Q: 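I'd like to ask some things about the structure below.
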Amino acid sequence: MARLRPESAAAVAIITRATELDSECKYSQALVCYQEGLDLLMQELRGTKDDAQKRLLRKKISTYMERAENIKKYLDQEKEDGKYHKQIKIEENATGFSYESLFQEYLNETVTEVWVEDPYIRQSHQLYNFLRFCEMLIKKPCKVKTIHLLTSLAVGNERMQQSGLEEIKESLRKYGVLLELEYSSSIHDREIRFNNGWIIKIGRGLDYFKKPQGQFSLGYCDLDLRPCYETTVDIFHTKHTKQI
């Protein structure tokens, strides 16, 4: 890769990281890096006029594309066999982790029922988080008909909490979606399940976004631009839990 132009330094760094992750058997993370690196290499190819440079880039692109395709096939088979386990570590102040970014890969037209267990759907910003999550679920390709929420009561502020959740329930009803609410004083774990078998466990539940700096600051509306608290996301399939 040393002969590549300086402009491709970003692609080199990402591809290098991909090969490191690949050698460590961290295939999900490696695939993301390969894909990002390949996008940059393709941009480099389109902007290059030198024929020798083009041949070098095409060779590199072909090599890494083949490896990325093999990893994708392997991961798809792992998913099919129920052995897939992906762990995402969200760093303090990291961005790019909206609900769509985390969940979209596991949502398809077979998802008709969702279970959310999260003790902290109590304060206003937590209710808004849950609302944003519900908005994602009613968009295509999902065909969600029922959402189950198990949370804890906001002691001393029950009226605001229940009023907010009832408003979300009524709004969902207009889209043909039933929201079933249940409260527990002993709930502790945080878990999201889809009826297609995927389970997502987030250390902080849905409440992993930091407060925006202001009402008109970037990230107020677009959660991909909102800084996050440090947390860990574990994603696996019910087939895998049956084998343990």
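Not measured: the values here are computed from a predicted model.
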Q: Go through the side-chain N and O atoms of D118 and T151 and say whether any donor and acceptor fall under 3.5 Å apart.
A: no
Q: Determine, stepwise, if the pair T232 / I90 fulfils side chain to side chain contact (heavy atoms under 4.5 Å, CB included).
A: CA-CA 6 Å; T232 300; I90 300 177; over 6 Å; no
Q: Can you check whether T112's main-chain N or O pairs, donor with acceptor, with N195's side chain at less than 3.5 Å?
A: yes
Q: Check whether any side-chain heavy atom of R67 sits under 4.5 Å from a side-chain heavy atom of T63, and report yes or no.
A: no
Q: For the atom pair CD (E69) and CD (Q35), what is the distance rounded to the nearest 0.5 Å?
A: 10.0 Å
Q: Indicate yes or no: at least one non-hydrogen side-chain atom of I235 is less than 4.5 angstrom from one of I199.
A: no
Q: Quick one, I88 and L102 - any side-chain contact, counting heavy atoms below 4.5 Å?
A: yes
Q: Give a yes or no answer on whether the side chain of S217 reaches the backbone of G214 with a donor-acceptor pair at less than 3.5 Å.
A: yes
Q: How many angstroms lie between SG in C221 and CZ in F216, if you round to the nearest 0.5 Å?
A: 9.5 Å
Q: With a 3.5 Å distance limit and no angle check, can you tell me whether Y220 reaches the backbone of K211 through a side-chain donor-acceptor pair?
A: no
Q: Evaluate the side chain to side chain contact (heavy atoms under 4.5 Å, CB included) criterion for residues V177 and K145: first the C-alpha distance (whole Å), next the side-chain angles of each, then the deciding distance (0.1 Å), finally the verdict.
A: CA-CA 5 Å; V177 179; K145 294 300 180 184; 5.7 Å; no
Q: What distance do S101 atom OG and L223 atom CG have between them, rounded to the nearest 0.5 Å?
A: 9.5 Å
Q: In terms of side-chain geometry, is the basic nitrogen of R17 or E20 positioned less than 4.0 Å from the acidic oxygen of its partner?
A: yes
Q: For atom CD of E170, is the number of surrounding heavy atoms from other residues, nucleotides or ligands below 6.0 Å larger than 12?
A: yes
Q: Of all the heavy-atom pairs spanning C33 and I14, show the shortest one and how long it is.
A: O-CG2, 3.1 Å
Q: Hydrophobic clustering (ILVMFWY, side-chain heavy atoms < 4.5 Å, transitive) - are Y175 and Y128 grouped together?
A: yes
Q: For H237 and N196, which I'm curious about, is there any donor-acceptor pair between the side chains at under 3.5 Å?
A: no
Q: Decide side-chain hydrogen bond (donor to acceptor under 3.5 Å, both in side chains) for S98 and D222; before the verdict, give the C-alpha distance in whole Å, the side-chain angles of both, and the deciding distance to 0.1 Å.
A: CA-CA 8 Å; S98 67; D222 188 341; 5.7 Å; no
Q: Quick one: pull up NZ in K140 and CG in L107 and give me the separation to the nearest 0.5 Å.
A: 15.5 Å
Q: Just by distance, do the side chain of Q161 and the backbone of S152 share a donor-acceptor pair under 3.5 Å?
A: yes
Q: Can L153 and S185 be said to form a side chain to side chain contact (heavy atoms under 4.5 Å, CB included), step by step?
A: CA-CA 7 Å; L153 275 173; S185 59; over 6 Å; no
Q: If you count the non-hydrogen atoms of other residues, nucleotides and ligands that lie under 6.0 Å from CD in Q162, is the total more than 12?
A: yes
Q: Main chain of L178, side chain of R173: is a donor-acceptor contact present, judged purely on distance under 3.5 Å?
A: no
Q: What I want to find out is whether K143 reaches E113 closely enough, with some N-O distance under 4.0 Å, to be called a salt bridge.
A: no
Q: Spell out, yes or no, whether V144 and W115 are grouped together once hydrophobic residues are joined by side-chain heavy atoms under 4.5 Å, including indirect joins.
A: no
Q: May I ask you to test the I147-F130 pair for a side-chain heavy-atom distance under 4.5 Å?
A: yes
Q: Using modelled atom types and a 3.5 Å cut-off, is there a donor and acceptor pairing between side-chain atoms of E158 and backbone atoms of G156?
A: yes
Q: Looking only at atom types and distance, does a side-chain atom of S62 sit under 3.5 Å from a main-chain N or O of R58, one as donor and one as acceptor?
A: no
Q: Above 12 or not: heavy atoms from other molecules or residues under 6.0 Å from CD of Q213?
A: no
Q: Applying the 4.5 Å side-chain criterion to the ILVMFWY set and letting contacts propagate, would L206 and V233 be lumped into a single cluster?
A: yes
Q: Is a donor on one side and an acceptor on the other found under 3.5 Å between the side chain of T48 and the backbone of D50?
A: no
Q: C228 and N93: side chain to side chain contact (heavy atoms under 4.5 Å, CB included), yes or no, with the steps?
A: CA-CA 5 Å; C228 299; N93 292 317; over 6 Å; no
Q: Test your reading of the model: is there a side-chain donor-acceptor pair from Q126 to the backbone of R122, 3.5 Å cut-off?
A: yes
Q: What's the separation between atom CD1 in I168 and atom OG in S163, rounded to the nearest 0.5 Å?
A: 10.0 Å
Q: If I compare all heavy atoms of A68 with all of Y34, which pair ends up nearest, and what's the gap?
A: CB-CB, 4.0 Å
Q: Mind checking the CD1-CG spacing from I121 to N129? Nearest 0.5 Å is all I need.
A: 7.0 Å
Q: Which atom names give the shortest non-hydrogen contact between G203 and R190, and what distance separates them?
A: O-CD, 3.3 Å
Q: Could you check whether any side-chain heavy atom of E167 comes within less than 4.5 Å of a side-chain heavy atom of L131, counting everything from C-beta outward?
A: no
Q: Indicate yes or no for a side-chain donor-acceptor contact from T231 to the backbone of R204 under 3.5 Å, with no hydrogens or angles considered.
A: yes
Q: Report, as yes or no, whether the 6.0 Å neighbourhood of atom CG on L225 holds more than 12 heavy atoms from other residues, nucleotides or ligands.
A: yes
Q: Would you mind reporting whether D234 and I200 have side-chain heavy atoms less than 4.5 Å apart?
A: no
Q: Only one of H148, H188, R193, K201 passes side-chain hydrogen bond (donor to acceptor under 3.5 Å, both in side chains) with E117; say which it is.
A: R193
Q: Treat each ILVMFWY residue as a node, draw an edge where side-chain heavy atoms are under 4.5 Å apart, and state whether I187 and L165 are in one component.
A: no
Q: By the definition ring-ring contact (aromatic ring centres under 6.0 Å, His included), identify the one residue from F194, F236, W198 that meets it with Y106.
A: W198
Q: Would D224 and T95 count as having a side-chain donor-acceptor pair, cut-off 3.5 Å?
A: no
Q: Looking only at non-hydrogen atoms, find the nearest pair between R226 and P212 and report the distance.
A: NH1-CD, 3.5 Å
Q: Are there more than 12 heavy atoms of other residues, nucleotides or ligands under 6.0 Å from atom NZ of K210?
A: yes
Q: Is it true that R132 and E135 make a salt bridge, defined as a side-chain N closer than 4.0 Å to a carboxylate O?
A: no
Q: When you look at OH of Y120, are more than 12 heavy atoms from neighbouring residues, nucleotides or ligands closer to it than 6.0 Å?
A: no
Q: Ring centroid separation for Y27 and Y74, is it under 6.0 angstrom?
A: yes
Q: Between F209 and F97, does the ring centroid distance fall short of 6.0 Å?
A: no
Q: Answer yes if the side chains of T110 and N108 hold a donor-acceptor pair under 3.5 Å, and no otherwise.
A: yes
Q: Of the non-hydrogen atoms in A30 and I71, which two are nearest, and what is the gap between them?
A: CB-CD1, 4.4 Å
Q: Side-chain contact, heavy-atom cut-off 4.5 Å: L149 with E180?
A: no
Q: Are I192 and Y229 linked, directly or through intermediate hydrophobic residues, by side-chain heavy-atom contacts shorter than 4.5 Å (ILVMFWY only)?
A: no
